[in-house]
Amino acid sequence: MAFESLTDKLQNVFKNLRGKGRLTEADVKAALKEVKMALLEADVNFKVVKQFVKAVEERAVGADVMNGLNPGQMVIKIVNEEMVSLMGSETTEIQFQPGKSITVIMMCGLQGAGKTTTAAKIAGKLKQKGKKSLLVACDVYRPAAIKQLQVNGEKQDVEVFSMGDQISPVDIAKAAFAHAEKNGHNVVILDTAGRLHIDEDMMKELAQIKDAVTVHQTLLVVDAMTGQDAVNVAKEFDEKVGLDGVVLSKMDGDSRGGAALSIKAVTGKPILYIGMGEKLSELEQFYPDRMASRILGMGDVLSLIDKAQANLDIDEDKSKEMASRMKKGAFDFDDYLESMKQMKKMGGLSSILGMMPGMGAKMGDIESMVDDKKLARMEAIVLSMTPAERKNPKLLNPSRKNRIARGCGQDISQVNRFVKQFEQSQKMMKQMPGMMGGKKGRGMFGGMGGGKFPF
Amino acid sequence: MENEKKSFFGRLKEGLSKTRDNIVNGIDSVFNGASEIDADFYEELEENLIMGDIGVNATDSIIERLKAAVKEKHVKEPSACRQLLIDGIREQMQVGETAYDFEQKQSVILVIGVNGVGKTTSVGKLAGKLKDQGRKVILAAADTFRAAAGEQLTEWANRAGVEIIGGAEGSDPASVIYDAVNAAKARKADVLLCDTAGRLHNKKNLMDELKKMNRIIEQEFPNAHRENLIVLDGTTGQNALQQAREFGEVTNLTGIILTKMDGTAKGGIAVAIQSELHVPVKYIGVGEQIEDLQKFDPDQFVNALFDIEDGTEENI
């Protein structure tokens, strides 16, 4: 069962109200009932939902419906704005100590939230920014936790400090700080054991670490799938240990991540990063506006656009050129390769589709259709062509195709099918030149044009 | 049984309960606060159920059923209504009689779930329990992805005193399963317990990998009793339903291990899963020690869900 997006639902509520000038109380109440459901389905805490809906109601009743919007969209707009403002209007970064002073970051959270993985991810991210981090293994309880940090640290090429599992985490933290001072590290990241927020002794341990060394940033790592209990967890950690920020992990799943809103509402602490996968590079900046639309079930279109812009290194000219060639139907295999390259940078086709509105929950079906592996096989076919063949697809005759098939280790029938589909899409592009005419998203559509190819 | 019961609640009471009581508001406040069964009463009840992660849909159907029962039995008192509600959920959460048959048979238990729910820990605990029952257990460390997962399971294997079959980090988990199945057959093990890597249910490649493991067990060990347990984090919200649904597409789920139930989360999503997918909770995890994995008891679960003092269940 895929989530019906909130936009669709509200469209239904308001289908008889097109073109009304002002939102009446009845309209708003009807719409907010759907909003409330959507938020609860997204795991936003019940009490937070209540407060939120009340705030929106106060603002929305009597509000003018803006030109070009229908009442449903107007409510969405207000809901979205309120949510963004609640979630913090801008992105926040980790604050570093000035000059050469050491910034100490402490990770904490429940068991299995993803602290160790996140710690290593942050270390890697800071390394890109020129920081020299020291990862510190303070989890002396879970079997093999130290080893996990060591392996991850090695992968990130970041030094890991550990003293085995017989020393108290407080002493480890102290020794690690001394070690960092001596060896010129400017960031110390303490990876602590997972603990329950109601386990007094374990919570005290975190406070003791903070007493022993000056911790500048205490980060709570929270699983994005957390349910109603997220408020309790965040509140207890904030009260007993003191939080400076939050990292939401496992955001690459299909949960709506309502916990983000709950946590922000009860602690007021900013969400800094989101974990987007198991690979150590997959840690992204948190954008409140995007999170708002995800919780509301409106897809993450903004993230997609941003990803496209950040990752496409082809310059404007090149993409213009490609688009114009597409229009003429002169698109060749080199262009195909280029589009594939762009797509891969954006995390593969499945990752792109996952961010489209309404697609998230249906990813299973779509992924089976547009398997990234299949694309890799097609790429192999192109890579087995000579430069001349890539420039001029018409050159391909049976003997050349046979050679290509041998070269890429695939059956001749697959090569034939690919070439045929390629020719068809060439024709298709010629027929609809209007498609590539977008202003802003040209780079992206250029890239997505490749996606029009045979799957 | 009496002993287990005590330790379950005992554990919650020890040290944890003080803070816990400050946080959770039991359902009794709803029943004690209401003087009659009216719309406000139902609304408050609904709030309580949703706060327990039961979810909007399952909550609606519970309330509807309750309303029907109240009408049918002409219940007037909120306290009588309370019993109807509790009985209804308890009945729904009953574990079938054959649920633990695998303990007596030659069986393969495949433990699956998303990342960080406590699969490896649950496998370790389950191994300890089965070993204590005198079963010969072999562990398969088929999480070859996460750094040091093998080491973590090896530590559990040592604690439980059972054998373990593993593979190098990065190797094909299906080949570990293959080796383990053959080892289990050759060494005449009673139970082969397979730990797998955490995988998000929306990742096709990883789910395909799981399919392959499942197929290998089917092909290589067709006579074995199969038990496919999904591990769900008790703090997870509505997404757990999606997890159960997607994992259920890949393997035939026979039960749930509901972990991290020693916190303040209620694990109410298990009610939604039971009512929609009919997968019973078989075990419940309440701590990090070997004895902290317990067979599921619907009475205890419902009491914990509604934070009913244990005084009531002693009368049962």
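Per chain, numbering begins at 1; letters A, B, ... match sequence-line order.
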Top contributor to chain B contacts, counting heavy-atom pairs under 4.5 Å, from G277(A), A42(A), P143(A), A144(A):
P143(A)

side-chain hydrogen bond (donor to acceptor under 3.5 Å, both in side chains) against K250(A), all qualifying residues, sequence neighbours excluded
D223(A)

Salt bridge between D252(A) and K203(B), side-chain N to carboxylate O under 4.0 Å?
yes

Any side-chain to backbone donor/acceptor pair from E155(B) onto Q152(B)? Under 3.5 Å, distance only.
no

Interface check, chain A: of G116(B), A149(B), G52(B), most non-hydrogen pairs under 4.5 Å belong to G116(B)

Please rank D43(A), V151(A), D201(A) by heavy-atom pairs under 4.5 Å with chain B and give me the top one.
D43(A)

Name the region of L149(A), side chain, backbone, both or neither, that has any atom closer than 4.5 Å to a heavy atom of chain B.
neither

Segment of E249(B) engaging chain A (4.5 angstrom heavy-atom cut-off):
neither

Chain B neighbours within residues 111-119 of chain A, where any heavy atom lies under 4.5 Å away:
Q111(A), G112(A)

Donor-acceptor contact present, side-chain R195(A) to main-chain A193(A), <3.5 Å:
yes

Can you tell me if T259(B) uses its side chain to pair, donor with acceptor, with the backbone of L232(B) under 3.5 Å?
yes

Go through the atoms of K50(A) and report whether side chain, backbone, both or neither lie under 4.5 Å from a heavy atom of chain B.
side chain

Tell me, out of E151(B), Q243(B), M51(B), who's got the most heavy-atom pairs with chain A below 4.5 Å.
M51(B)

Taking NZ, NE, NH1 and NH2 as the nitrogens, is one of them in D238(A) or K235(A) under 4.0 Å from a carboxylate oxygen of the other?
no

More than 12 heavy atoms of other groups within 6.0 Å of E239(A) CD
yes

Does the distance from a Lys or Arg side-chain N to an Asp or Glu carboxylate O, for K212(B) and D172(B), drop under 4.0 Å?
yes

Do E200(A) and K204(A) meet the salt-bridge criterion of a basic N to acidic O distance under 4.0 Å?
no

Segment of L206(B) engaging chain A (4.5 angstrom heavy-atom cut-off)
side chain

Could you tell me whether E169(B) and K155(A) make a salt bridge, using a distance below 4.0 angstrom between a side-chain N and a carboxylate O?
yes

